[in-house]
Amino acid sequence: MTEKRSSFIETMLSRGFMHQCTDLDALDELARNGTVVAYIGFDCTADSLHVGSLLQIMALRWLQQTGHKPIVLMGGGTTKVGDPSGKDEQRKLLDDEGIARNMAGIRRIFDRFLSFDDGPSGAIMANNADWLDRLAYIPFLRDIGRHFSVNRMLTQDSVKLRLDRDQPLSFLEFNYMVLQAYDFVELGRRYGCQLQMGGSDQWGNIVSGVDLGRRVDNRALYGLTTPLITTASGAKMGKTAQGAVWLNEERLPAFDYWQFWRNTEDADVGRFLRLFTDLPLAEIARLEAMPGSEINEAKKILATEATALCHGRAAAEAAAETARKVFVEGGIGGELPVVEIARDALANGIPAFEALVRAGLAASNGEARRLIKGGGARVNDEAFAQETRAVSLADLNADGIIKLSAGKKRHALLKAV
RNA sequence: GGAGGGGUGGCCGAGCGGUCAAUGGCAGCAGACUGUAAAUCUGCCGACGAAUGUCUACGUAGGUUCGAAUCCUACCCCCUCCA
């Protein structure tokens with residue numbers, strides 16, 4: 001291919017989203033000559049998505065930014081089946097009510113990243129329960145099932161892994177890939193969808209859909225997968241002290257989200273800027289070239305840009321400002337979590353370990369005690385070793401606030417009321 | 001349905017009558033060094049308690065025993081082979 005690539009494919013390649021594609025040149029051609037309708041499926045196993053899905057979300061975002069039409073497919077139907085990919089054990093089955101609740105939560109996240117307008121590239125939100133729930137078993141088997149070879153299904157990684165490890169795989173889960181393949185066909189019929197994207201672990205399922213589309217509808221479908229993102233030291237991305245890095249404010253405050261990105265490893269800064277921000281590549285090249293500790297400036301930009309996409313510019317700026325106050329000045333910032341405590345209780349003094357638990361900095365009294373004994377606890381930035389040290393009115397600052405810290409990075413404020 | 005194997009702390013995985021709140025690894029938390037990085041080193045890592053300590057835990061329910069994660073019985077779940 002000597003012709004100039006479509007901006008969509010060009011972006012996917014240059015920003016690091018491309019892992020595998022069923023037919024890159026043909027897809028490129030398609031994107032150059034018209035609007036590509038593409039989808040990514042998301043299961044509704046929780047009421048939010050976490051950074052693990054962010055790459056997929058950004059892929060849809062770029063698709064839209066380059067003039068194409070994204071479909072967000074909610075797995076209202078497939079969630080009832082459970083994807084065996086990457087799971088050692090069968091997932092707990094969710095009921096309709098739980099799935100509906102989760103879908104509502106996830107929907108809100110996409111409002112930030114995509115534009116659901118009526119234009120030619122306006123995003124669509126679909127739910128595969130709309131067609132999967134109504135499938136008639138025998139007709140489905142005859143029309144769709146006959147195109148699947150069990151022999152080949154058994155060689156799929158998702159299935160093979162379970163079998164090799166002597167772990168159970170129910171017939172229900174075994175059907176997952178059939179249903180996902182059918183989703184692709186159904187979206188092709190309904191919306192003219194020709195491309196499915198997904199993580200690299202979805203390759204098998206995606207290819208099944210491409211094959212199925214050709215067989216039942218004689219339609220050319222394409223698949224594109226994104227690489228599995230790990231940190232430079234090999235860890236899976238998206239875990240922090242508190243657990244998964246969620247994308248909604250209720251589960252993970254914007255400040256903590258900002259902190260997550262701020263703590264990116266040096267070696268990941270450039271890659272993450274390309275994947276998780278909209279910054280131009282030239283600018284990113286400049287940032288990632290920063291030597292030594294100057295790279296911290298690039299991390300701050302990464303944090304602010306990534307947070308702005310997910311929580312809005314204002315929240316991102318506020319998080320950055322709090323971080324500056326807390327880490328540079330060693331003071332107090334507005335975005336730190338605040339826990340209210342009765343003035344009367346403080347008058348009597350409460351033990352420091354209990355204060356730490358109340359502030360959410362320790363899960364149990366024992367944990368708080370250990371933290372203190374280990375020298376990691378501070379009241380108003382003063383370290384102390386006596387776990388029964390009382391926190392009292394005397395510790396209040398002029399604004400009636402006490403700053404508690406567990407280590408250098410975790411802080412909370414107690415406010416007397 | 002039959003035969004055999006197995007279910008241990010967030011995960012993996014030892015232990016197979018007392019010295020077991022249970023070896024080890026991973027993950028996690030804190031400290032040191034730094035740059036809110038990585039790597040490295042150190043400490044911690046069931047709950048409650050100021051504490052000798054108390055409680056809860058080795059699939060579930062009983063039992064044997066001075067004493068059980070360890071032995072017995074029943075049940076549940078998983079795996080393999082046979083039908």
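Numbers restart at 1 for each chain; the letters A, B, ... are given by sequence-line order, proteins then strands. Source: prediction; values computed, not measured.
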Taking CG from Leu404(A) and P from A30(B), how many angstroms apart are they, rounded to a whole number? 15 Å

Partner nucleotide, any strand, of A3(B) [Watson-Crick/G-U, under 3.5 Å]: U80(B)

When rounded to whole Å, the CZ to P distance for the pair Phe272(A) and A38(B) reads 12 Å

In whole angstrom, what separates Asp266(A)'s CG from U34(B)'s P? 16 Å

P gap between U40(B) and C26(B), integer Å: 10 Å

Mapping Gly407(A) and Ser364(A) onto RNA chain B by nearest heavy atom, which one lands closer to the 5' end? Gly407(A)

Measure from the side chain of Asn263(A), starting at C-beta and using heavy atoms only, and say which of G35(B), A37(B), C48(B) lies closest. A37(B)

With a 4.0 Å limit, can you tell me whether Lys408(A) has a side-chain N or O closer than that to the phosphate oxygens OP1/OP2 of A32(B)? yes

Could you measure between the two C1' atoms, the one in U64(B) and the one in C81(B), and give it in whole Å? 34 Å

Check this for me: does any side-chain nitrogen of one of Arg215(A) and Asp143(A) sit under 4.0 Å from a carboxylate oxygen of the other? no

Could you tell me how far C55(B) sits from A68(B) if I compare only their P atoms? Round to whole Å. 13 Å

Say we look at A22(B) and C45(B): how far apart would their C1' atoms be, to the nearest angstrom? 14 Å

Contacts satisfying salt bridge (Lys or Arg N to Asp or Glu O under 4.0 Å) that involve residues 352-364 of chain A (not counting sequence neighbours) are Glu354(A)-Arg358(A)

Asn365(A) CG - C45(B) P separation (whole Å): 16 Å

Any strand, both distances under 3.5 Å, Watson-Crick or G-U wobble: C33(B) pairs with none

NZ/NE/NH1/NH2 to OD/OE distance under 4.0 Å, Asp266(A) and Lys299(A): yes

Is Ser293(A) close enough to U34(B) that one of its side-chain N or O atoms is under 4.0 Å from OP1 or OP2 there? no

Starting from C1' on A37(B), measure out to CG on Leu287(A) and report it in whole angstrom. 16 Å

I need the Asn263(A) CG to Asp268(A) CG distance, nearest 0.5 Å. 12.0 Å

Glu265(A) CD to A37(B) P, in whole Å, measures 11 Å

Taking 4.0 angstrom as the limit, do Glu382(A) and Arg389(A) come out as a salt bridge? no

Whether Arg410(A) contacts A30(B) is assessed here as follows: a side-chain N or O lying under 4.0 Å from the phosphate OP1 or OP2. Is that the case? yes

For Gln196(A) and Gln202(A), what are the C-alpha separation, side-chain angles and deciding distance, and is it a side-chain hydrogen bond (donor to acceptor under 3.5 Å, both in side chains)? CA-CA 10 Å; Gln196(A) 179 180 183; Gln202(A) 294 297 312; over 6 Å; no

Identify, between Gly366(A) and Leu371(A), the residue whose nearest nucleotide on RNA chain B lies closer to the 5' end. Leu371(A)

Measuring only the P atom in each nucleotide, how far is C75(B) from G2(B)? A whole number of Å is fine. 11 Å

Is there a side-chain contact between Lys299(A) and the phosphate of A38(B), meaning an N or O under 4.0 Å from OP1 or OP2? no

Anything under 3.5 Å between a protein N or O and an N or O of nucleotides 50-56 of chain B, put it in a table, one pair a line.
{"unit_1": "A50(B)", "atom_1": "OP2", "unit_2": "Arg369(A)", "atom_2": "NH2", "d": "2.7"}

For the pair made of CZ in Phe260(A) and C1' in A37(B), what is the distance, rounded to whole Å? 13 Å

Any side-chain N or O of Arg370(A) below 4.0 angstrom from OP1/OP2 of A47(B)? yes

Atom CD1 in Ile106(A), atom CE in Met74(A): separation rounded to 0.5 Å? 4.0 Å

Quick one: is A37(B) close enough that its OP1 or OP2 comes under 4.0 Å of any side-chain N or O from Asn296(A)? no

What does U64(B) pair with, Watson-Crick or G-U, if both distances are under 3.5 Å? none

Can you tell me how far C1' in A50(B) sits from the matching atom in A38(B), rounded to whole Å? 41 Å

Check ion pair Lys300(A)-Glu305(A) (N to O, under 4.0 angstrom): no

Using the P atom as the reference point in each nucleotide, state the distance between C44(B) and G24(B) in Å, no decimals. 11 Å

Check every strand shown and say whether Ala406(A) touches a base, only sugar-phosphate, or nothing at a heavy-atom separation below 4.0 Å. sugar-phosphate

Gap between atoms CD and P, on Glu297(A) and U36(B) respectively (whole Å): 11 Å

Tell which nucleotide pairs with A39(B), taking only Watson-Crick or G-U wobble pairs whose two distances are both under 3.5 angstrom. none

Pair partner, A51(B) [Watson-Crick or wobble, under 3.5 Å]: none

Any base atoms under 4.0 Å from Glu294(A), or only sugar-phosphate, or nothing? Heavy atoms, all strands. nothing

Rounding to an integer number of angstrom, what distance separates G18(B) and G67(B) when you compare their P atoms? 15 Å

